[in-house]
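Everything on this sheet refers to the single structure shown next.
Chain letters run A, B, ... following the sequence lines, proteins first and then strands; every chain starts at 1.
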Amino acid sequence: MAGQRTILHADMDAFYASVEQRDRPELRGRPVVVGGAPEARGVVAAASYEARAFGVRSALPMSRALRLCPEAVRVSPRFDRYGEVSRQVMAVFRSMTPLIEPLSLDEAFLDITMQTTAHGGAEAAARRLKAEVRRVTALNVSIGGGANKTVAKIASDAGKPDGLLIVAAGAERAFLAPLPIRALSGIGPKAEALLTAAGIRTIGELAEADAGQLERMFGSRGVQLREMARGIDQRPVEPVQERKSISAETTFAHDVVDGSDLRQELRRLADEAARRLRERRMRARTIVLKLRYSNFRTITRRATRAQPTDERDVIAGEAERLLDVVVEPGDRFRLIGVTCGHLSGLEASGQLSLWAPGDARATPAGDAKL
DNA sequence: TCTGGGGTCCTAGGACCC
DNA sequence: TCTGGGGTCCTAGGACCC
């Protein structure tokens with residue numbers, strides 16, 4: 001049995017919106033919404049706390065967000081910029097422990113089990129991290145801590161914004177019990193609806209639920225969910241994770257019927273995917289074409305090749321072949337995309353290559369997945 | 001109100017082999 | 001005349017996360 005661990009979950013507050021407010025002082029104190037234009041069918045990628053007061057949330061259609069909050073300033077995302085700031089933040093985390101697992105540009109797990117004593121406890125360590133992130137980036141980070149990932153993650157959410165909440169050893173189950181099931185990572189709209197229909201609304205009720213019933217509802221995941229609800233979670237913090245796919249997709253501002261328009265965008269996406277494959281010194285064996293019809297029905301079609309590739313023309317050719325099989329005259333599409341999967345490093349496909357820092361999702365440079 | 005773009009993981013069925 | 005079991009690879013769709 002592993003001993004008691006100390007896991008932190010660090011999560012930047014309203015990250016993209018906060019970076020914009022920091023970089024553009026005229027935006028401070030105002031509702032800021034980062035995301036695509038409403039005319040281009042954009043959605044909200046991040047909303048400042050001023051905007052959240054109007055009910056604006058991530059993933060909301062931008063048209064609706066701006067109706068909820070007409071005085072909001074919409075800002076197009078600058079992912080390169082967020083990436084730069086992310087690297088600074090991850091470097092701060094890494095200065096405390098090498099055991100960090102980035103989950104996105106603005107979020108990471110840290111295993112500080114070995115550092116806790118030296119820092120005078122988990123709370124002191126978290127306080128130090130918050131101060132250092134603020135010093136380096138002038139941004140706020142919320143930190144949650146506890147015996148495992150589930151507890152740490154929910155604790156960081158519970159403390160937001162600018163939060164710091166450490167759940168004491170032994171108090172996990174009592175901490176989780178009153179919270180809604182939706183607070184658990186892994187329970188989305190569908191699972192929530194199923195559980196609610198079964199009379200299960202809180203994490204505490206999930207912890208007490210019948211194992212057989214959960215297994216019928218969710219398969220093997222059902223029992224895992226109940227364990228999480230009981231505050232039990234042995235998943236390690238994994239600093240290095242292999243990238244499994246690279247994708248590029250476009251939602252058209254207006255539905256597309258014309259085949260040559262589809263083809264043109266598809267070639268552009270293939271080019272983009274190929275470029276990113278080469279950047280990471282990787283090759284793909286599977287090419288996946290993704291199409292979303294105007295009625296939102298989404299299909300995928302894939303082709304697996306004997307040899308991995310990073311060539312634009314090969315990727316485009318496979319994707320176009322799949323497109324020809326699927327598209328019927330008169331079909332209307334709102335999205336087209338390409339995914340390259342079944343990835344291998346160059347050395348695995350017969351070429352000499354040194355270890356490439358871009359290969360892993362988490363790297364020493366703090367390159368979170370983009 | 002009309003739904004992004006980047007990902008991960010899981011399930012289930014079919015082909016094929018021994 | 002009826003019909004194994006295990007393993008691997010592949011495909012399509014869906015739930016979920018940030």
Inset, instruction - If the plane angle is over 60° it's perpendicular, under 30° parallel, otherwise tilted; pick one for A:Y16 and A:F79. - result: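 Correct class here is perpendicular.
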Rounded to whole angstroms, how far apart are [atom1] on [X] and [atom2] on [N]?
X	N	atom1	atom2	answer
A:M228	C:dC16	CE	C1'	12 Å
A:L66	B:dT1	CG	C1'	13 Å
A:E39	B:dT1	CD	C1'	16 Å
A:Q224	C:dA15	CD	C1'	15 Å
A:D106	C:dC17	CG	C1'	12 Å
A:L291	C:dG14	CG	P	14 Å
A:E107	C:dC17	CD	P	11 Å
A:L60	B:dT1	CG	C1'	8 Å

Inset, instruction - Have a look at A:K290 and say if it touches a base, only the backbone sugar-phosphate, or nothing, with a 4.0 Å heavy-atom cut-off. - result: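 No contact.
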Inset, instruction - Looking at every strand, decide which applies to A:L289 at a 4.0 Å heavy-atom threshold: base, sugar-phosphate, or nothing. - result: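 The answer is nothing, as A:L289 stays clear of every strand by at least 4.0 Å.
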Please tabulate, for side-chain N and O atoms in residues 169-176 of chain A, each donor-acceptor pair with protein atoms closer than 3.5 Å (sequence neighbours left out).
from   : atom 1 : to     : atom 2 : distance (Å)
A:E172 : OE1    : A:G170 : N      : 2.9
A:E172 : OE2    : A:G170 : N      : 3.3
A:R173 : NH2    : A:E208 : OE2    : 3.2

Legend entry - Criterion salt bridge (Lys or Arg N to Asp or Glu O under 4.0 Å) on A:D310 and A:R281, from CA distance to verdict: CA-CA 9 Å; A:D310 61 4; A:R281 299 192 177 22; over 6 Å; no
Legend entry - Closest-nucleotide 5' rank along DNA chain C - winner of A:R297 and A:L184: A:R297
Between the protein and nucleotides 6-10 of chain C, list every N/O to N/O distance that falls short of 3.5 Å.
from   : atom 1 : to     : atom 2 : distance (Å)
C:dC10 : OP1    : A:R285 : NH2    : 2.8

Using nucleotides 2-5 of chain B, report all nitrogen or oxygen pairs with the protein that are shorter than 3.5 Å.
from  : atom 1 : to     : atom 2 : distance (Å)
B:dC2 : OP1    : A:R67  : NH2    : 3.4
B:dT3 : OP2    : A:R334 : NH2    : 2.9
B:dG4 : OP1    : A:R334 : NH1    : 2.7
B:dG5 : OP1    : A:T251 : N      : 3.1
B:dG5 : OP2    : A:T251 : N      : 2.9
B:dG5 : OP2    : A:T251 : OG1    : 2.4

Inset, instruction - Establish, with yes or no, whether the OP1 or OP2 oxygen of C:dC18 is under 4.0 angstrom from a side-chain nitrogen or oxygen of A:R57. - result: no
Listed partners of [X] passing ring-ring contact (aromatic ring centres under 6.0 Å, His included), at least two apart:
X	value
A:F54	none
A:Y49	none
A:F15	none
A:F93	none

Please tabulate, for side-chain N and O atoms in residues 134-152 of chain A, each donor-acceptor pair with protein atoms closer than 3.5 Å (sequence neighbours left out).
from   : atom 1 : to     : atom 2 : distance (Å)
A:R134 : NE     : A:N140 : OD1    : 3.0
A:R134 : NH2    : A:N140 : OD1    : 3.1
A:R135 : NE     : A:E132 : OE1    : 3.2
A:R135 : NH2    : A:E132 : OE2    : 2.7
A:T137 : OG1    : A:V133 : O      : 2.7
A:T137 : OG1    : A:L139 : N      : 3.1
A:S142 : OG     : A:D13  : OD1    : 2.8
A:S142 : OG     : A:D162 : N      : 3.1
A:S142 : OG     : A:G163 : N      : 3.0
A:N148 : OD1    : A:T150 : N      : 3.2
A:N148 : OD1    : A:V151 : N      : 3.0
A:N148 : ND2    : A:G231 : O      : 2.9
A:K149 : NZ     : A:E101 : OE1    : 2.8
A:K149 : NZ     : A:E101 : OE2    : 3.4
A:K149 : NZ     : A:P236 : O      : 2.8
A:T150 : OG1    : A:D233 : OD2    : 2.8
A:T150 : OG1    : A:R235 : NH2    : 3.4

Legend entry - A:R28 (side chain) donor-acceptor with A:Q21 (main chain) under 3.5 angstrom: yes
Legend entry - Residue list, salt bridge (charged side-chain N to carboxylate O under 4.0 Å, His left out) with A:E50, at least two apart or on another chain: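 For A:E50, no residue satisfies salt bridge (charged side-chain N to carboxylate O under 4.0 Å, His left out) once neighbours in sequence are set aside.
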Inset, instruction - Could you work out the complete set of other residues in the hydrophobic cluster of A:L99, with links drawn between I, L, V, M, F, W and Y side chains under 4.5 Å apart? - result: none
Legend entry - N-O pairing of A:E272 and A:R276 below 4.0 Å: yes
Inset, instruction - Go ahead and write out DNA chain C as dot-bracket, 5' to 3': ( ) for pairs within the strand, [ ] for ones crossing earlier pairs, | when the partner sits on another strand, dots for unpaired; Watson-Crick or G-U wobble, both distances under 3.5 Å. - result: ....||||||||||||||
Legend entry - Nucleic acid contacts - residues 186-205 of chain A versus DNA chain C, non-hydrogen atoms under 4.0 Å: A:G186, A:I187, A:G188, A:P189, A:K190, A:A191
Inset, instruction - Check step by step if side-chain hydrogen bond (donor to acceptor under 3.5 Å, both in side chains) holds for A:S294 and A:R292. - result: CA-CA 7 Å; A:S294 54; A:R292 177 125 71 211; over 6 Å; no
Inset, instruction - Heavy atoms only: give me the nearest A:R283-A:P308 pair and the separation to one decimal. - result: CB-CB, 3.6 Å
